[in-house]
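Residue indices begin at 1 and follow the sequence shown.
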Amino acid sequence: MLQRIQTIWMLLAVLGAVFLFITGKDVDIFGAFPVIDVASVVLVLLGAFSLFSFKNRKRQLMLNTICIIINALLIGILAYWLQNLSGGMNFPEKGIEPIFPSIAIICLLIANIFIRKDERLVKSVDRLR
């Protein structure tokens, strides 16, 4: 059911990955390989798959946990990039890229809380039958 509250939180996490894809164009970490772009696309695909697998709550929890791990790795990579980035007026938005994975992690953790709450509710209703 797409009208659950965790759907909104997962959608916000997917939007965080989309915004990271948009703002992460100037990130150059490992040469010509676009790490941020690939990770953002993977996060969007995993988030969309998790969003539409609402009938299997265990799969949703697993996919959200994988997305949390990828976002944590992205925060580390972006922090490394920020440490090696020279300052100045060339990058006025310096430092905005790690905000999007951080927001996505928070949203996914809240979504996992609501998914577990739904799982407990379903198990309690099954117990009453």
**Q** Working to the nearest 0.5 Å, report the span between CD1 of Ile105 and CD1 of Ile69.
**A** 10.0 Å
**Q** Taking Tyr80 as the starting point, is it possible to reach Ile77 by hopping between hydrophobic residues whose side chains are less than 4.5 Å apart?
**A** yes
**Q** Evaluate side chain to side chain contact (heavy atoms under 4.5 Å, CB included) for Ile99 paired with Ser102, printing each intermediate quantity in order.
**A** CA-CA 5 Å; Ile99 292 173; Ser102 303; 5.6 Å; no
**Q** Quick one: are Val44 and Phe21 in side-chain contact, heavy atoms under 4.5 Å?
**A** no
**Q** Restricting to non-hydrogen atoms, name the atom on Pro98 and the atom on Ile75 that form the minimum distance, rounded to 0.1 Å.
**A** O-CG1, 4.2 Å
**Q** Do Val41 and Phe19 share a hydrophobic cluster, counting only Ile, Leu, Val, Met, Phe, Trp and Tyr and linking them when any side-chain heavy atoms are less than 4.5 Å apart?
**A** no
**Q** Answer yes or no: is there an ion pair linking Arg4 with Asp118, defined by an N-O contact shorter than 4.0 Å?
**A** yes
**Q** In Å, rounded to the nearest 0.5 Å, how long is the span from CG of Leu74 to CD1 of Ile36?
**A** 5.0 Å
**Q** Which distance, rounded to the nearest 0.5 Å, do you find between the CD1 of Ile8 and the CG of Leu51?
**A** 10.5 Å
**Q** Is there a chain of hydrophobic side chains (I, L, V, M, F, W, Y, each step under 4.5 Å between heavy atoms) that links Val18 to Ile96?
**A** yes
**Q** Set out, in order, the CA-CA distance, both residues' side-chain angles and the distance that settles side chain to side chain contact (heavy atoms under 4.5 Å, CB included) for Ile115 and Asn112, then state yes or no.
**A** CA-CA 5 Å; Ile115 292 169; Asn112 281 349; 4.1 Å; yes
**Q** Determine the minimum heavy-atom distance between Gly24 and Asp37, stating which atoms define it.
**A** O-OD1, 4.2 Å
**Q** If I take atom CG from residue Leu43 and atom CD1 from residue Ile68, how far apart are they, to the nearest 0.5 angstrom?
**A** 11.0 Å
**Q** Please determine whether residues Ile113 and Ile106 belong to a single hydrophobic cluster, defined as Ile, Leu, Val, Met, Phe, Trp and Tyr linked transitively by side-chain heavy-atom distances below 4.5 Å.
**A** no
**Q** Looking at every non-hydrogen atom in both residues, tell me the closest pair between Gln6 and Ala111 and how far apart they are.
**A** CB-O, 3.7 Å
**Q** Do Leu63 and Phe49 come within less than 4.5 Å of each other through their side chains, counting heavy atoms only?
**A** yes
**Q** Would Val42 end up clustered with Leu78 when hydrophobic side chains under 4.5 Å apart are linked, directly or stepwise?
**A** yes
**Q** What distance separates Cys67 SG from Met62 CE, expressed to the nearest 0.5 Å?
**A** 10.0 Å
**Q** Look at the side chain of Ser50 and the backbone N and O of Leu46, then say whether any donor-acceptor pair between them is shorter than 3.5 Å.
**A** no
**Q** I need the Leu108 CG to Leu61 CG distance, nearest 0.5 Å.
**A** 11.0 Å
